[in-house]
**Q** 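Handing you this structure, nothing more for now.
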2 protein chains.
Amino acid sequence: MSPAEQPQPSRTAAVRRPTLNAVAARAGVGRGTVSRVINGSPKVSDRSRAAVERAIAELGYVPNRAARSLATSRTDSVALVVPDAQSRLFAEPYFSEIILGVSAGLSSAGMQLLLVLTGDETEYGRLAGYLAAQRVDGVLLMAVHAEDTLPDRLAELAVPTVLAGRRGEAERLGHVRADNRGGARLAVRHLLAGGRRAVATITGPPDMDVARGRLDGYRDALRDAGVPVAEELIAAGDFTEQGGRAAMRELLRRRPDLDAVFAASDVMASGAVQELRAAGRRIPGDVALVGFDDSIVARHIDPPLTSVRQPLAEMGRTMASLLLEEIAQRGTGQRGVVLPTELVVRESA
Amino acid sequence: MSPAEQPQPSRTAAVRRPTLNAVAARAGVGRGTVSRVINGSPKVSDRSRAAVERAIAELGYVPNRAARSLATSRTDSVALVVPDAQSRLFAEPYFSEIILGVSAGLSSAGMQLLLVLTGDETEYGRLAGYLAAQRVDGVLLMAVHAEDTLPDRLAELAVPTVLAGRRGEAERLGHVRADNRGGARLAVRHLLAGGRRAVATITGPPDMDVARGRLDGYRDALRDAGVPVAEELIAAGDFTEQGGRAAMRELLRRRPDLDAVFAASDVMASGAVQELRAAGRRIPGDVALVGFDDSIVARHIDPPLTSVRQPLAEMGRTMASLLLEEIAQRGTGQRGVVLPTELVVRESA
DNA sequence: ATGCCGCGTGGGAGCGGTCCCACGGGGTGA
DNA sequence: TCACCCCGTGGGACCGCTCCCACGCGGCAT
């Protein structure tokens, strides 16, 4: 045996896995043919295809992703970016369920999911270049703020991007969101149908699109029912429990006669419950309450909270397919997709 | 300009990014030197290093991960595998918080996090080969069942692996877990200190290590206090709300005189609350209750639940560092790490 | 019979890094 | 002065795949 024929010792301790070359040799065909079989090209004779498939099975061959990626300059992976993950926001089932949907939507297309949780600001700033350099095929962006510039930088770098939610009405990038306005309308209509007339609302931060949508829905429902909108029945929260309590206290001060509250999130609703209790109001006897999100707390607070449900997993799946579409052919694909919400009636209203 | 000098049109629409070659040309050095600078080799003169660093900055160069990975047969990425993600279990803050810690622990080492959520069984079965073929540098495995063989197959394939929790006392693989036994002991000791004597427990599935640990802690605390363990005060749940209700009902039937319950999870505790209410018992007046996990429901059920907290984020961080250690030098690294738990006292006990 | 077409095919040339060998030049000791 | 060493360096070979060009061959029209 000449030196050249001796197998080179591998550098790493890892098991040496069969290459496409090995498959070709075993199947008695060329590399090109094996590649064609793997990639499902029709230009392969049945004979060769069978031989290759047998060789693949016998060797337990699986293509090396790095090599393929280097050759094609695709990666078959997308990044899911959650900014600001520290702020235990990430622990909200909101994210998990969307991720679940995303994962389902991607894996059926053979795509990998890269989870990128960014901590501080500066880290987030570096992200655009980083993502482009990693050559992920696309990016899913969660929880973008109105003034966030990352989406635009990604767009400049020609990285296909899909957002969860939009930054504002004029969002140019592809995105998926729930019908917040419609959901809020459902909630308030339900309160009105229950005979309530002084319906207050605790909103989210006014600079967030979801918050505005839910407030608009509140107004819609009142208008539809011919009930005038009273501005003193509207108080701003910030999607936190504390914010919910403060807003509720303020509302009770302004309008002690209120008989219903629509809170733009379950967490704020839970704060409202505490404040209502403290003020001696019974729920739903004195004050009916509806939340938004149908999160886990909705089922567990006392009384169980009527809430608006968003189809989170489906939103994730939709995000995945929008992104795949955009990756396949840039510039195609619908801009924004709105998914319907639904009212889950429990005991609080 | 000869044809050979004309830039080749790039195949994809993406912007062509500078390569290491371009940096070398611009800096007036060889490829090797650039590579050395990037990888922090000391064998580079200050002069060359400065020139290279300038060129890198000017071109905005970022190394191509696929190429590096092909050459080194490392990937600088690890997979986090969550089996069975369908079962909305994944939505538990448990996972999110651990993932948060994992992400923090990895990103500081420049490692990427690949999230792999498996649905059905067959998919899970293919996973070992798949993971080895993707050449992730390591695997983090969540929620392994006692009879799960994936860890062993990964070990055979020489893939560094760290588990969240262990399959049993004899776990050979690296893993991180909370001190379940100690936490349970804290919980039950707290109940005894409150003057309770007929302390029941709702356990998890007996084939799960966490469940056994928490049951052992329950026994420990009673023994420490000289209170005999009564088997009829022990009922098995399955970590679901339904299971908790059923177990609580059974316990009330067996021992109507019980005055305290330690539930091995908050979710089961929440089921127990419902059943206790239905039986007309007040909490904590008639029956004191302690849960486990300090999950979000603990804060929101009525009354707020005293519960045992596990340091989830830290568990994630520890998993990451164990894995990195194992990747750096196989076979080193401690087998199992146990992190302390802590009792969070609220109003239920 | 001869040309032509087109199908299946083999294999060369990259993709962009790392690894390592070989080489030039300045310092050191004999 | 000469041999030796070591340090910094350039660049060839290679990682495993895809892309694409060129080629052989059988079937069809001429």
Side-chain angles (χ1 to χ4, degrees), chain A residues 3-4 6-12 14-52 56 59 61-76 132-135, chain B residues 3-4 6-12 14-52 56 59 61-76 132-135:
Chain A
Q6 289 178 10
Q8 298 298 314
S10 79
R11 269 179 230 127
T12 73
V15 190
R16 183 149 228 100
R17 305 191 58 89
T19 71
L20 177 141
N21 247 315
V23 175
R26 179 160 199 133
V29 301
R31 295 185 346 267
T33 301
V34 177
S35 178
R36 268 167 233 132
V37 170
I38 290 170
N39 295 294
S41 157
K43 315 180 141 275
V44 181
S45 68
D46 292 348
R47 228 177 89 62
S48 305
R49 183 183 308 279
V52 169
I56 288 180
L59 294 174
Y61 169 76
V62 185
N64 179 318
R65 215 149 186 155
R68 172 181 288 179
S69 167
L70 182 57
T72 58
S73 68
R74 281 183 295 104
T75 59
D76 291 335
Q134 292 316 303
R135 292 245 179 74
Chain B
Q6 288 176 10
Q8 298 297 314
S10 78
R11 270 179 230 126
T12 73
V15 189
R16 184 149 228 97
R17 305 191 59 87
T19 70
L20 178 141
N21 247 314
V23 175
R26 177 159 200 134
V29 300
R31 293 182 352 264
T33 302
V34 177
S35 178
R36 268 167 232 132
V37 170
I38 291 169
N39 295 294
S41 157
K43 312 177 144 279
V44 181
S45 68
D46 293 346
R47 227 178 90 61
S48 307
R49 182 182 308 279
V52 169
I56 289 180
L59 296 173
Y61 168 77
V62 186
N64 180 318
R65 215 153 186 149
R68 173 181 286 178
S69 167
L70 181 57
T72 59
S73 68
R74 280 183 295 107
T75 59
D76 291 334
Q134 291 317 303
R135 292 246 181 73

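We name chains A, B, ... by the order of the sequence lines, and we start the count at 1 in each one.
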**Q** Between residues 36-49 of chain A and DNA chain C, which residues have a heavy-atom gap below 4.0 Å?
**A** A:R36, A:K43, A:V44, A:S45, A:S48
**Q** Nearest whole Å is fine: how far is C:dG16 C1' from B:R68 CZ?
**A**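 Those two atoms, CZ and C1', are 11 Å apart.
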**Q** Once side chain to side chain donor-acceptor pair (under 3.5 Å) is applied, do any residues pair with A:N21, and if so which ones, sequence neighbours excluded?
**A**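 None.
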**Q** Shortest non-hydrogen contact from A:A66 to B:L70?
**A**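 Looking at all heavy atoms of both residues, the shortest contact is CB-N, 4.0 Å.
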**Q** Sequence neighbours left out, what passes salt bridge (Lys or Arg N to Asp or Glu O under 4.0 Å) with A:R68? Give chain and number order.
**A** none
**Q** Tell me which residues in residues 21-34 of chain A lie within less than 4.0 Å of DNA chain D, going by non-hydrogen atoms.
**A**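 Going residue by residue through residues 21-34 of chain A, the ones with a heavy atom under 4.0 Å of DNA chain D turn out to be A:R31.
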**Q** Rounded to the Å, how far apart are B:I56 CD1 and C:dG17 P?
**A**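 Result: 10 Å.
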**Q** Could you give the distance from OG (A:S73) to CG (B:N64), rounded to the nearest 0.5 Å?
**A** 9.0 Å
**Q** CG of B:L20 versus P of C:dT18: gap in Å, rounded?
**A**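 In whole Å, C:dT18 P and B:L20 CG are 6 Å from each other.
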**Q** Side chains of residues 38-46 of chain A: which donor-acceptor pairs under 3.5 Å do they make with residues two or more places apart or in other chains?
**A**
residue, atom, partner, partner atom, Å
A:N39, ND2, A:S35, O, 2.8
A:N39, ND2, A:S35, OG, 3.4
A:S41, OG, A:K43, N, 3.1
A:S45, OG, A:S48, N, 3.2
A:S45, OG, A:S48, OG, 2.9

**Q** Show the atom names and distances, to 0.1 Å, of all donor-acceptor pairs under 3.5 Å that link a side chain in residues 23-34 of chain A to residues at least two apart or in another chain.
**A**
residue, atom, partner, partner atom, Å
A:R26, NE, A:E58, OE1, 2.6
A:R26, NH2, A:E58, OE1, 3.1

**Q** Report for the helix from C:dA1-D:dT30 to C:dA30-D:dT1: angle between first-end and last-end helix axes, five pairs each, rounded to 10 degrees.
**A** 50°
**Q** What integer distance in Å separates A:L70:CG from D:dC15:P?
**A** 13 Å
**Q** From CZ of B:R65 over to P of C:dT18, roughly how many Å is that when rounded to an integer?
**A** 12 Å
**Q** Grab the CG-C1' distance between B:N64 and C:dG16 for me, whole Å please.
**A** 6 Å
**Q** Using the 3.5 Å cut-off, write out each protein N or O paired with an N or O of nucleotides 23-28 of chain D and the distance between them.
**A**
none

**Q** With sequence neighbours left out, what residues match A:R49 under side chain to side chain donor-acceptor pair (under 3.5 Å)?
**A**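 Counting only residues at least two positions away or on another chain, A:R49 forms no side chain to side chain donor-acceptor pair (under 3.5 Å).
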